[in-house]
> 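Below you will find the structure I want to go over with you.
Model, not experiment: these values are computed from the prediction.
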Amino acid sequence: MKKSNAKKLIAVLSSAAIIAAALPSVTAVTWADDTAAESTVLGDVNNDGKVTVADAVAVLQYVANKDKFSLSEQSLDNADVYNRGDGVTARDALSIMLLDAEVLTELPESVMESAASTTAAESSVTTTATAIAPPHTTTTSTTATSIETTASSTSTEATTSSASTTATSTETTASSTSTTVTSTEASTSSAPTTTSATSTTPSTDGLTITLSGNKIETNAPEDTASVSGGVLTIKKAGKFAVTGDGTDTQIVVDVDKTAYPDSVVELDLKGMSLTNNNTAPIFVNSIGDEVQIVAKAGTINTISDGTTHSQTYTDSDGESETVEGAIFARDDIKFKGTGTLTVNGNQDDAIVCKNDIKIYNGTINVNAQDDGIRGKDSVTIGDASKSDGSAVDYSSLKLTVKTKEGDGIKSTSTEASADKSYGVVTINGGTIDINSYLDGIQAEQEFIMNGGDLNIYTYQGSGYTGSGSTTGSQGGQGGPGGWGRPGGGGMGMDGNANKTDVSAKGIKAVGLYDEAGTTWQSKGDITINGGNITIDSSDDSIHCGGDMKIYGGVYSIATADDGFHSDHTVNIGKTAANTFDDVQIFISKCYEGVEGTVINQNSGTVYIISGDDGYNAGGGSDGSGNQSGFPGNPWGQGATASSSTKIEMNINGGFVCVNSANGDHDAFDSNGNINLNGGYICANGQEPLDCGDGGGYSINYNGASVITMTAGNTNLATRYSFVDDSGKVIVSFLSANGSAGMNCTGCTAQSGGTLSGGEQLLTQSDKYAVTVGGTLSGGTKITAGTSSGGGFGRF
């Protein structure tokens, strides 16, 4: 470091210490007079058009007492200059002082990696030290290029003249295909600055896009954005404020990724409406990093397409493709902000991306004729974490998706790579409400949920009654997903005649199959680590072609078919333990509750009211659960287990209560062994426990505590409890009034009595809530007895 800069740095640090020490008695800084628009210069916190120590003092005052020294939305955005994106801290004040001392040459000093917005202004802007002159010193004006059109034009030839000339306004007709812009007025004294091609943040500030009927205008320099035939094309990184109401106009992002590999374009929506009847109103053709669509705080914004799409583009294979959706992106796109954005897909889908879609915050309402949100590579809802490791606030993330004919949210890629996961839908947080005709969520390869509130309703919900025809629609990208999709819908080959003929599942992970589509290869996994999940579906509520890992979460499930179905292994709880609150599942209505070739319950609390089997490993005697969804077979329950496939049911911990309807229905049914290794079980069915159709299998009691009954009804009004040797309740619940038997380890099973104290789980189930702990008075001990069904009496 040069000696002069070292002295400046020492002076800055000394000043910072003095200011911090004196802060409680510092009076408010002097603010600039109100102007038509606040300063947007990074570091200019007091809105005086300069970046000085006074701005650092304003930051320190705000950090010390936010109520007394509040800052406006724009001032908060200007103040966030160190690790930009993590909010305003005292470290931002030091960065401002370093710039004032000329130790730094530009702001921000650093940018938070994958930053989620933490203030009302979510942009990232680079400001150089030479671009901080007060706004009132600029005396020249800029007249935006304006093109009036009655139809979108797809080609533009632009020649820019000197900065002092006036733009030619050209009106085109519907048959026009090209427009020549002969001149543009762009005052060099007021033109926004730009950064180098390696910048990872929007390179310009103060840019605008104004919509007015069939006119679209911008104040950007011609080399940054141009207008022709009602189409505004953005050619360089920048942050654009979008306002007004536009019809039959379009915003196209087409940045050269070779020249600007890290480019970011940010569209700040500030109370705008954009409609185009012939194509996607927003079309991202090319961007180096990503396009960010930001619904600004306190604003309501709408983007809608029409019922026909005529615009095309050439894909990477040289094929001509139609521009889809109301928002269409060939590269990554991100949605954030704290305002409201409504996207209406009137022709087909609403939001479509050929790469990755990220929805990090804001109130986003999606309405679609077909699919609501379709990201080929991935869809991520909620940022995973901040770079500093602190928790992300998801309170401003609210996503609503409604579809008339298609899926709610889907990711469609079948690509495989060691460097990146494809075909993934991930939910990290927020509130997501989906009302879809077909699947609520369909992930081609993997679904992951770590938190948030997810509510899904499909087709006619659990109240659906009918028999699916044998003419299900051909599945595929964007299609209904009936006959041609593994895991699709179909009529009742699994024993359930009450089935749809299309795939209308709550959450589905498909998996990768061979070219014939008949043999599963890999993927199709579902992993849920937490969150609140409510599903009301006509088809399976949660269904996967691979493994299902239910490691956390609170579930309210109602379905006309199966609650949880995996073509392979179902794991409930991560490790074997008698913990009851990590997973809480209440299935109020289903054909079968939990279904897979192998079922492992390790922990958690599960309560099921089923029309047929509660737990079914490998299909059971009625052949349910594992009929393949290969082309030509519409039932879509997964690949039939071969003689070499392991089929087994293991109860290792936690609590599970199954109540099966009257008839030939089992509480727990396995085509292989049933291993009762731990935990607490209530089995109510015509056969409480049934194993090994065809013989050679057994029910192995290795330490679990079990109550069985053959009541065969779902009049669930009798209290049952497992009580330890000291008289304390382990777990207590309601089930049917039947002839009960028990086999317990280290406890007794009791019926009736009055329960006091304890902690309630499954509170979403109302009267069927399960209580852990507490005391029981007046209970009657259940004596051991032999119950029918697959050799329960072999204990």
> I'd like to know if the side chain of S660 reaches the main chain of S610, judged simply by a donor and an acceptor atom lying under 3.5 Å from each other, with no hydrogens or angles considered.
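Flag not set: sc S660 to bb S610 has no pair under 3.5 Å.
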> Check whether more than 12 heavy atoms from other residues, nucleotides or ligands sit under 6.0 Å from atom NZ of K402, and answer yes or no.
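For K402, atom NZ is not crowded (no more than 12 foreign heavy atoms under 6.0 Å).
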> Quick check for you: to the nearest 0.5 Å, what is the distance between N737 atom CG and N684 atom CG?
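The distance works out to 10.5 Å.
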> Under a plain distance cut-off of 3.5 Å, with no hydrogens placed, do S732 and R719 share a side-chain donor-acceptor pair?
yes
> Set out, in order, the CA-CA distance, both residues' side-chain angles and the distance that settles side-chain contact (heavy atoms from CB on, under 4.5 Å) for I674 and I651, then state yes or no.
CA-CA 8 Å; I674 297 179; I651 309 299; 5.5 Å; no
> Verify whether one side chain among S395 and D393 offers a donor that lies under 3.5 Å from an acceptor in the other.
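Yes, a side-chain donor-acceptor pair sits under 3.5 Å.
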> Do D439 and K505 pass the salt bridge (charged side-chain N to carboxylate O under 4.0 Å, His left out) test, and can you show the C-alpha distance, the side-chain angles, and the key distance before you say yes or no?
CA-CA 5 Å; D439 298 327; K505 297 172 173 60; 5.3 Å; no
> Could you list the residues that satisfy ring pair (Phe, Tyr, Trp, His ring centres under 6.0 Å) with Y768, not counting sequence neighbours?
Y607
> Can a donor-acceptor pair be found, under 3.5 Å and without considering hydrogens, that links the side chain of T458 to the backbone of L438?
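Not at all, since once roles are kept as given, no pair shorter than 3.5 Å links the two residues.
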> Between S721 and V723 (side chain of the first, backbone of the second, donor and acceptor by atom type, cut-off under 3.5 Å), is there such a pair?
no
> Would you say the side-chain atoms of N529 pair up with the backbone N or O of G552, donor to acceptor, closer than 3.5 Å?
no
> Only one of N700, N600, N673 forms a side-chain hydrogen bond (donor to acceptor under 3.5 Å, both in side chains) with N650, so which one is it?
N600
> N602 and side-chain hydrogen bond (donor to acceptor under 3.5 Å, both in side chains): which partner among D582, N677, T579, N652?
N652
> When rounded to the nearest 0.5 angstrom, what distance separates SG in C691 from CD1 in I647?
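Separation between the atoms: 12.0 Å.
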> Is a side-chain donor or acceptor of D433 paired with a backbone partner of T400 at a separation under 3.5 angstrom?
no
> Go through F668 and I599 one step at a time and tell me if the side-chain contact (heavy atoms from CB on, under 4.5 Å) criterion holds.
CA-CA 11 Å; F668 296 83; I599 298 175; over 6 Å; no
> How are the rings of W520 and H568 set to each other: parallel, tilted or perpendicular (split at 30° and 60°)?
tilted
> Can you tell me if S566 uses its side chain to pair, donor with acceptor, with the backbone of G596 under 3.5 Å?
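Such a contact is absent between S566 side chain and G596 backbone.
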> Looking only at atom types and distance, does a side-chain atom of S411 sit under 3.5 Å from a main-chain N or O of V424, one as donor and one as acceptor?
yes
> Quick test of your reading: applying ring pair (Phe, Tyr, Trp, His ring centres under 6.0 Å), list the pairs with at least one residue in residues 722-765, sequence neighbours left out, ordered by first then second residue.
F655-F733, Y680-F722
> Is it the case that the side chain of N498 and the backbone of G466 share a donor-acceptor pair, with hydrogens and angles ignored and the cut-off at 3.5 Å?
yes
> Can a donor-acceptor pair be found, under 3.5 Å and without considering hydrogens, that links the side chain of Y615 to the backbone of E592?
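Not confirmed, Y615 side chain does not pair with E592 backbone.
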> Can you tell me if D525 uses its side chain to pair, donor with acceptor, with the backbone of E446 under 3.5 Å?
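Side chain of D525 to backbone of E446: no pair is present.
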> For side-chain contact (heavy atoms from CB on, under 4.5 Å), just list the numbers for I373 and V401, CA-CA rounded to whole Å, side-chain angles, deciding distance to a tenth of an Å, and then say yes or no.
CA-CA 8 Å; I373 299 171; V401 181; 4.0 Å; yes
> Does the side chain of S756 pick up a donor-acceptor pair with the side chain of T775 at under 3.5 Å?
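Yes - a donor-acceptor pair under 3.5 Å links their side chains.
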> Answer yes or no: are there more than 12 heavy-atom neighbours, outside K728 itself, under 6.0 Å from its atom NZ?
no
> Got more than 12 heavy atoms from elsewhere within 6.0 Å of NZ, K574?
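For K574, atom NZ is not crowded (no more than 12 foreign heavy atoms under 6.0 Å).
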> Determine, stepwise, if the pair I730 / F580 fulfils side-chain contact (heavy atoms from CB on, under 4.5 Å).
CA-CA 10 Å; I730 300 170; F580 305 104; 4.1 Å; yes
